[in-house]
Protein chains: 2
Amino acid sequence: MAEEETLPPLDPAGLGAYFALIEVSSLLRHTVEQQLLDAGDLSYVQFQLLATLGDAPDGSRRMTELADGVVYSRSGLTYQVGLLEKAGLVTRGPSADDDRGVTVSITEAGRDVLAKVFPGHIDVLRQLFLAPLARKDIESLARILTDVRDHMRTVPPRSAKPRRKSG
Amino acid sequence: MAEEETLPPLDPAGLGAYFALIEVSSLLRHTVEQQLLDAGDLSYVQFQLLATLGDAPDGSRRMTELADGVVYSRSGLTYQVGLLEKAGLVTRGPSADDDRGVTVSITEAGRDVLAKVFPGHIDVLRQLFLAPLARKDIESLARILTDVRDHMRTVPPRSAKPRRKSG
DNA sequence: CTCAGGTGCTTCGAATTCGAAGCACTACTT
DNA sequence: AAGTAGTGCTTCGAATTCGAAGCACCTGAG
């Protein structure tokens, strides 16, 4: 896609990695989304949220932690957590140390759903994503992408987005 | 994210690669989206569409080719191409060999916008995505992800979809 | 304490997204 | 040539998404 001849001599490998990354993640996400919908009536975001909560030591997280964890807008998170709450998969409660905060906790039902969809999820991953790769490639991929993620997490908190004001 | 103790012994590297992939692509996409908006009032999808058209030998593609290229729904594509057309960045016309088809072509203005946003786009890639990687890692990443993409493109057209083909 | 500014979350409205249904046309079968 | 199935795109309604604005609370300076 768009490797115009008239452009500066940019890393062809870099571009290739980028385009392939976007395409792979899009395709993967679509397929996974379908599986989650079939298996447990979950959207991808909802799965990510439940998974993040399930992974937390006490099954709870603050709203902001969740939003950052899944790279999502605050308002969108409010909406999705609302849906999950209505479905009985999470509960909302006040935060211990900060009265502004909302703590979201996964319920038993939530864990059940998670357990129900996980095997199929893994299957999709294996068949669609990991199948063509050698063990070594998978390890390389994990290491490289983890490096990138760490880099991204540190460098720019999130672009030039000072909260209203001061402009 | 959610490596429940009670689950089958799944490839930890595979899971790591998966989670990192999703997170990296999300973060990257968000940042790139912001840059595109600032530099040329383009959404990410619109950029992808223009880039795909710009990359085509004659600057034209069929709707379906575009939709497949960017992993996007048909109806969503109709909407976005409508916006691009209204902005004068593409034109719509009949297809030569198939009266049902619509051929989308990039305009001069479209190419201008593409040229205008591309440098900044590359900058973001370099700084956010490629910066922490060694030359060799970038090449590995490109190769591995390309393999995965090719695999995905061949294996399942798109899950259990009544409409597509016979089921 | 009191005020100003900052943070956590929700509400609101607008834009985007998707799937299903519809329309027009093509392709295959007889 | 007619009939049936399939394809290409758009329209439609519903769901999701985001950013801006609003509200409640926290924090730091006086």
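Worth saying up front: this structure is predicted, and the values here are computed from it rather than measured.
Closest heavy-atom contact between A:Leu37 and A:Leu42: CD1-O, 3.4 Å. Nearest approach of B:Ser60 to B:Thr103, heavy atoms of both residues: CB-CG2, 3.7 Å.
Here A:Tyr79 does not reach the OP1 or OP2 of C:dT10: none of its side-chain N or O atoms lies under 4.0 Å away. Within the 4.0 Å cut-off from OP1 or OP2 of C:dA15, not a single side-chain nitrogen or oxygen of B:Gln80 is found. At the phosphate of D:dC9, neither OP1 nor OP2 sits under 4.0 Å from any side-chain N or O atom of B:Ser75. For the OP1/OP2 pair of D:dA20 and a distance below 4.0 Å, the side-chain nitrogens and oxygens of A:Arg74 include no atom meeting the criterion. Close to C:dC9, at under 4.0 Å from its OP1 or OP2, lies a side-chain N or O of A:Thr64.
Whole-Å rounding puts the B:His30 NE2 to D:dC18 C1' distance at 10 Å. Taking atom OH of B:Tyr44 as the reference point, atom P of D:dT17 lies 18 Å away to the nearest angstrom. When rounded to the nearest whole Å, the span between CG of A:Asp98 and P of C:dT10 equals 13 Å. When the C1' atom of D:dT10 is taken as reference, atom CZ of B:Arg92 falls 9 Å away, rounded to whole Å. Rounded to whole angstrom, the span from the CD atom of A:Glu33 across to the P atom of D:dT16 amounts to 10 Å. Atom C1' of nucleotide D:dA15 and atom CG of A:Leu84 are separated by 15 Å, given to the nearest angstrom. Counting to the nearest Å, the C1' atom of C:dT7 and the CG atom of A:Leu77 are 16 Å from each other. One can place NZ of B:Lys86 at 12 Å from C1' of C:dA15, the figure rounded to the nearest angstrom.
Residues B:Asp147 and B:Arg143 are paired through a salt bridge, judged by an N-O separation under 4.0 Å between the basic side chain and the carboxylate.
With C:dT16, D:dT17, D:dT10 as the candidates, the nucleotide lying closest to the side chain of A:Tyr72 is D:dT17. Comparing C:dT11, D:dT10, D:dC9 by their nearest atom to the side chain of B:Arg62 picks out D:dC9.
Within 4.0 Å (heavy atoms only), A:Leu66 reaches no atom of the nucleic acid at all. Within 4.0 Å (heavy atoms only), B:Leu37 reaches no atom of the nucleic acid at all.
The base of D:dT7 lies close enough to the side chain of B:Arg100 for a donor and an acceptor atom to sit less than 3.5 Å apart.
If A:Asp99 and A:Gln46 are placed on DNA chain D by their nearest nucleotide, the residue sitting closer to the 5' end is A:Gln46.
Across B:Arg153, B:Arg74, B:Arg62, a single residue satisfies side-chain hydrogen bond (donor to acceptor under 3.5 Å, both in side chains) together with B:Asp68, and that is B:Arg74.
Taken to the nearest 0.5 Å, the OG atom of B:Ser140 stands 10.5 Å off from the CZ atom of B:Arg135.
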